[in-house]
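I have placed the structure first, in the form of structure tokens, so that the comments after it can refer back to it.
Order of the sequence lines sets the chain letters (A, B, ...), proteins ahead of strands, with each chain counted from 1.
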There are 2 protein chains.
Amino acid sequence: MSSKKAPTMSDVAKLAGVSSMTVSRALRSGTSASAKTRAKIQAAADELGYVLDSTAAGLSTRKTGFVAVTIPSINNANFAQTVQGLTEGLREANLQVLLAYTGYSLQEEERMVQGLLQRRPEAIVVTGGVHSDKCRRYLAESGVPVVEMWDMPATPINHVVGFSNKQAGKTMAQFLQQQGFRKIGFIGGNAAIDVRGYDRRRGFLEALDAYGLERHRYWQSDQPVLTMEEGASAMETLLEQYPDTEAVMCASDLSAFGAMMTCVRQGLSVPDDMAICGFGAYDISGNSVPEITTLDVSALSIGTETARIIVAALSKDNKEPISAEVVEIETKLLVRPSTEKISS
Amino acid sequence: MSSKKAPTMSDVAKLAGVSSMTVSRALRSGTSASAKTRAKIQAAADELGYVLDSTAAGLSTRKTGFVAVTIPSINNANFAQTVQGLTEGLREANLQVLLAYTGYSLQEEERMVQGLLQRRPEAIVVTGGVHSDKCRRYLAESGVPVVEMWDMPATPINHVVGFSNKQAGKTMAQFLQQQGFRKIGFIGGNAAIDVRGYDRRRGFLEALDAYGLERHRYWQSDQPVLTMEEGASAMETLLEQYPDTEAVMCASDLSAFGAMMTCVRQGLSVPDDMAICGFGAYDISGNSVPEITTLDVSALSIGTETARIIVAALSKDNKEPISAEVVEIETKLLVRPSTEKISS
DNA sequence: ACTAGATTTGTTATCGATAACATAATATAA
DNA sequence: TTATATTATGTTATCGATAACAAATCTAGT
């Protein structure tokens with residue numbers, strides 16, 4: 001770590017014997033500069049170890065070159081995949097992702113969005129369709145494209161890339177019902193925290209109602225039930241309270257796996273004694289024994305689609321009005337042995 | 001998304017009837033401004049929906065307010081935890097994390113570091129102690145604190161927060177040997193890609209040598225073996241080639257779990273027929289049945305320690321020379337049922 | 001060789017904020 | 001009340017780059 005301060009463009013210009021404007025042009029593509037001076041300037045830049053200050057460049061061009069993204073948690077394979085899709089999709093447009101974590105808190109989301117806006121992102125991506133009033137206003141007035149992902153909000157701010165979590169819950173309930181299960185439980189979280197998980201539960205329970213099935217076998221906590229450990233202890237409680245339960249849907253594959261391990265520990269067979277399904281198509285669901293039935297929401301596509309929309313919105317001439325895109329991502333039920341109904 | 005461009009500080013100043021310098025002061029803490037004008041300016045700012053442009057502010061103060069971090073993969077719970085520790089530790093110093101993924105490629109790391117430096121981070125954090133020559137030079141000449149984490153490089157660039165991956169491999173080998181296992185295998189990746197995983201293998205095999213144990217039972221690929229699926233198929237191959245293997249160390253808990261599932265599928269009992277240990281103390285290792293022996297490297301502490309060093313380095317007066325800190329994180333062997341030696 | 005047109009380079013103003021200094025307003029002490 | 005210290009506000013220059021325009025150089029066709 002050298003302590004002398006970084007060389008600037010005019011240092012390079014001086015060394016190369018040209019004006020700094022010429023340096024600026026030589027270091028960019030798509031600008032006119034003779035091959036000879038380009039080489040001369042490149043050499044001077046290398047000698048000084050010059051690195052462009054994109055902070056200053058951005059002030060002039062009014063382009064910062066990054067897209068702000070908020071996700072609930074970094075430690076979640078689904079969001080990680082979405083971010084990967086975003087990163088890759090934005091790379092070709094020379095846009096970097098600036099990530100912030102909200103910890104499933106709307107208040108934190110508001111703070112993060114405010115902080116991110118100070119950095120003048122060229123677009124903003126948020127997870128979910130529910131935000132604090134202030135946050136909605138920040139987003140709406142930001143002057144840049146906004147994408148809400150992982151949900152289908154009733155009143156979108158701008159663009160949307162997601163799927164209906166409620167419908168996802170319904171799909172799972174329908175599947176379990178069709179498989180012949182009747183006493184069906186749910187392990188999941190609370191509305192105030194994990195909005196999307198709660199929507200899934202709502203859809204799930206509504207479907208049970210529609211089929212005339214009992215819907216009291218659920219377990220809830222005021223924290224999202226997303227980890228293996230939480231799933232495991234939730235299943236313990238559920239087995240105590242409703243030992244006759246035949247099948248359970250979990251808010252996440254991780255909690256589904258935890259729940260399954262509780263069954264194994266108690267000598268219950270999955271799916272013979274207890275069928276289990278999860279959500280999110282995490283690695284674990286396809287690699288456990290038995291493999292776990294789950295809903296694949298194609299987290300990667302959410303990222304790539306979001307990136308596509310952003311790139312399109314930014315490349316459009318400002319003259320034509322940019323219409324808000326709403327993309328519904330297809331979900332896919334992965335039927336696996338953990339929910340095989342034994343013909344008894 | 002409104003299309004009129006964002007208001008600037010002088011817009012606020014005009015509305016409030018003061019100079020823009022006064023606005024600048026009123027909107028910051030630790031600056032002199034009367035309560036009355038502060039309120040007046042705040043009101044004007046709110047009315048206009050003004051958001052500070054930290055890009056411009058940074059150009060003047062020469063502080064961008066963020067720290068650049070490169071990690072091999074976002075989809076890795078260990079690195080996610082480290083990032084979380086970093087984020088939290090830096091938040092109180094008002095520093096944001098700018099994340100980039102290298103995909104376990106040194107070449108990509110070089111590109112990322114170069115790109116990140118253009119944004120003038122106040123510090124740079126990289127994963128591992130091996131970098132391309134160019135990348136090393138970039139880092140060394142960046143003029144800001146550099147932290148290499150997750151390893152103990154022989155010749156550090158600047159600060160270090162990590163542990164010896166080689167020693168970690170040795171520790172596991174020693175443990176398995178002490179448990180009474182003799183025919184020990186290894187499932188892991190290749191040097192060119194996952195440097196740290198390879199170091200662990202090196203330590204592991206050296207220890208086997210030291211104990212006079214056979215060391216041919218390893219499986220290697222030119223890709224890192226870090227996922228459950230990779231672990232599962234690696235174990236299949238290993239069982240074919242060396243069916244007499246008694247115990248296996250895996251480069252990660254995820255591959256360890258995959259390997260364990262292969263055993264289960266083939267009717268082998270863990271640990272009776274095959275002992276398995278992993279690395280990284282992922283959730284899965286503590287929640288599977290049986291639970292998997294692993295090495296906890298305290299990924300979170302790596303993040304918080306790194307954050308601490310950065311905050312300290314940045315707060316120090318530039319007068320006193322900043323000495324490079326080297327912090328060795330303590331690792332902890334978590335002994336679990338997956339490696340219980342049956343007294344036969 | 002000469003001129004129109006194309007290409008390369010230079011000059012000046014500007015992006016939106018803050019630092020540094022200068023000045024005005026207010027508070028405090030003698 | 002006056003002098004002095006303190007606080008509040010304004011002015012000007014600057015951070016490091018690029019846009020917009022201007023000038024200089026080169027190229028090609030006749």
Contacting residues from residues 46-66 of chain A, given that a heavy atom lies under 4.0 angstrom of DNA chain C: A:Leu59, A:Ser60, A:Arg62
Whole-Å distance separating the [atom1] atom of [X] from the [atom2] atom of [N]:
{"X": "A:Lys36", "N": "C:dT9", "atom1": "NZ", "atom2": "P", "result": "9 Å"}
{"X": "B:Met21", "N": "D:dA8", "atom1": "CE", "atom2": "C1'", "result": "12 Å"}
{"X": "B:Leu117", "N": "D:dA17", "atom1": "CG", "atom2": "P", "result": "14 Å"}
{"X": "B:Lys14", "N": "C:dA17", "atom1": "NZ", "atom2": "C1'", "result": "15 Å"}
{"X": "A:Asp11", "N": "D:dC15", "atom1": "CG", "atom2": "C1'", "result": "13 Å"}

Base, sugar-phosphate, or nothing: which does B:Arg25 touch, judged by heavy atoms less than 4.0 Å apart? base
Checking all strands, does A:Thr22 fall into the base, sugar-phosphate, or nothing category for heavy-atom contacts under 4.0 angstrom?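 Sugar-phosphate, no base atom in range.
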Are any of [X]'s side-chain N or O atoms less than 4.0 Å away from OP1 or OP2 of [N]?
{"X": "A:Ser19", "N": "C:dT11", "answer": "no"}
{"X": "A:Ser34", "N": "C:dT9", "answer": "yes"}
{"X": "A:Arg119", "N": "C:dG16", "answer": "no"}

Answer yes if the side chains of B:Thr22 and B:Ser19 hold a donor-acceptor pair under 3.5 Å, and no otherwise.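 Their side chains do contain a donor-acceptor pair, which is all the 3.5 Å distance test asks for.
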Charged N to carboxylate O under 4.0 angstrom, B:Arg308 versus B:Glu325?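 Salt bridge present between B:Arg308 and B:Glu325.
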May I ask you to decide whether A:Arg91 forms a salt bridge with B:Glu108, counting only side-chain N to carboxylate O separations under 4.0 Å?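 So A:Arg91 pairs with B:Glu108 through a salt bridge.
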Show the numbers, then the answer: is there a side-chain contact (heavy atoms from CB on, under 4.5 Å) between B:His159 and B:Glu148? CA-CA 6 Å; B:His159 307 284; B:Glu148 292 169 282; over 6 Å; no
Does atom NZ of B:Lys40 have more than 12 heavy-atom neighbours from other groups under 6.0 Å away? yes
Can you tell me if CD on A:Gln107 sees more than 12 non-hydrogen neighbours from other groups inside 6.0 Å? no
